[in-house]
Amino acid sequence: MNAQLIDGNAVAARVRAEVKAEVDRLKHEHGLTPGLAVVRVGEDPASKVYVSRKKQVAGEVGIQSWEHHPDEDITQDALLALVQQLNEDAAVHGILVQLPLPRHLDPDVIISAVKPEKDVDGFHPLNAGNLLLGRPTTRACTPHGVMRLLEEIGCEPAGKRAVVVGRSNIVGKPMALMLLQKNATVTLCHSKSDLRREVDGADILVVAVGVAELVKGAWLKPGAVVIDVGMNRTPDGKLVGDVEFAAAAERASFITPVPGGVGPMTIAMLMRNTLDAAVRYGRAPVVT
Ligand code: NDP
């Protein structure tokens, strides 16, 4: 293997330590404890695992968290009422509605009902729009984490050719915008793209598709920085990314492993976003 591994676990641990230090300072100097409310509707097994991990990490960094767990058959109006209640709760600085939602609920309506300043996922149209306009905003956690990984390895996007594969609203599109903001020349690919042609020549390649080993190592420009967001379970239970890891690691200069690359960064950046929301909009209790 020629490439250097990008250790997402180590970088995420650093982000968590930074957040914890700032949370401690907020508590001592301002009597303010950042609070994160997580809404998990129904019994999606993956959501259960993600939410319990988010609560665990919140506890580790000193962020107070609450889980709201309405039944699978909650009506949209009742869920909107819960979101509204959390919007008005001064102890709650961040609200996260875990996706996917049951089919009868419209995620766009629910996400749009979260107060933009409490939208720690960065999915609200106002926050997504601010990113598009290049304004300061709450950034979607996964691409935000990828930007931090690039920074950690000293990869400066300015002037580089960045190729993002996948155009979802939660990863691919915000990823492309964040790289553009850092002055990379960005190509955003999707299921109708000629991937092999686009990937060839990428200095920075970010893949977020959800198809095991879709991107072949032989397609890479030698020396490329490869960030694999994908998480796919193989029939024998192994977790693999969207990039053919072994072959890619022969050509790349840096590469994220799966697991242990982007995955741990997503929750770490959620903590960062919650802390930032508390700093910006939290109100320290008045001492009399
Ligand atoms: P989506 O399913 O929402 O989007 C997938 C994207 O990939 C779409 O834009 C789709 O194109 C594109 N695509 C599908 N097939 C191909 C193909 N053959 N060639 C090129 N593009 C293709 O996925 P997400 O963005 O939510 O997630 C992507 C992956 O990242 C998943 O494996 C997911 O598990 C993982 N993930 C990991 C996270 C982490 O923390 N590590 C966080 C979030 C996601 P089109 O738009 O044309 O349909």
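When a ligand or atom number is given, it counts from 1 through the structure's own listing order. Below, all heavy atoms of this structure are taken into account, side chains as well, without hydrogens, waters or symmetry copies.
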Any chance the side chains of Asp236 and Thr234 put a donor and an acceptor closer than 3.5 Å?
-> yes

Any donor-acceptor N or O pair under 3.5 Å, side chains Thr137, Asn127 | yes

Only counting residues at least two apart or in another chain, list the ones meeting side chain to side chain donor-acceptor pair (under 3.5 Å) with Arg161.
-> none

Charged N to carboxylate O below 4.0 Å: is that the case for Glu60 and Lys55?
-> no

Contacts table for ligand 1: protein N or O within a distance under 3.5 Å of ligand N or O, distances only.
| unit_1 | atom_1 | unit_2 | atom_2 | d |
| --- | --- | --- | --- | --- |
| ligand 1 | 9 (O) | Arg167 | N | 2.8 |
| ligand 1 | 11 (O) | Ser191 | N | 3.3 |
| ligand 1 | 21 (N) | His190 | O | 3.4 |
| ligand 1 | 21 (N) | Ser191 | N | 3.4 |
| ligand 1 | 25 (O) | Ser168 | OG | 2.6 |
| ligand 1 | 32 (O) | Met231 | N | 3.1 |
| ligand 1 | 40 (O) | Thr266 | OG1 | 2.7 |
| ligand 1 | 46 (O) | Arg167 | NE | 2.7 |
| ligand 1 | 47 (O) | Arg167 | NE | 3.4 |
| ligand 1 | 47 (O) | Arg167 | NH2 | 2.8 |
| ligand 1 | 47 (O) | Ser191 | N | 3.1 |
| ligand 1 | 47 (O) | Ser191 | OG | 2.6 |

Step through the shown structure and confirm whether more than 12 heavy atoms of other residues, nucleotides or ligands are within 6.0 Å of NE2 on His104.
-> yes

Just wondering, more than 12 heavy atoms not from Lys48 lying within 6.0 Å of its NZ?
-> no

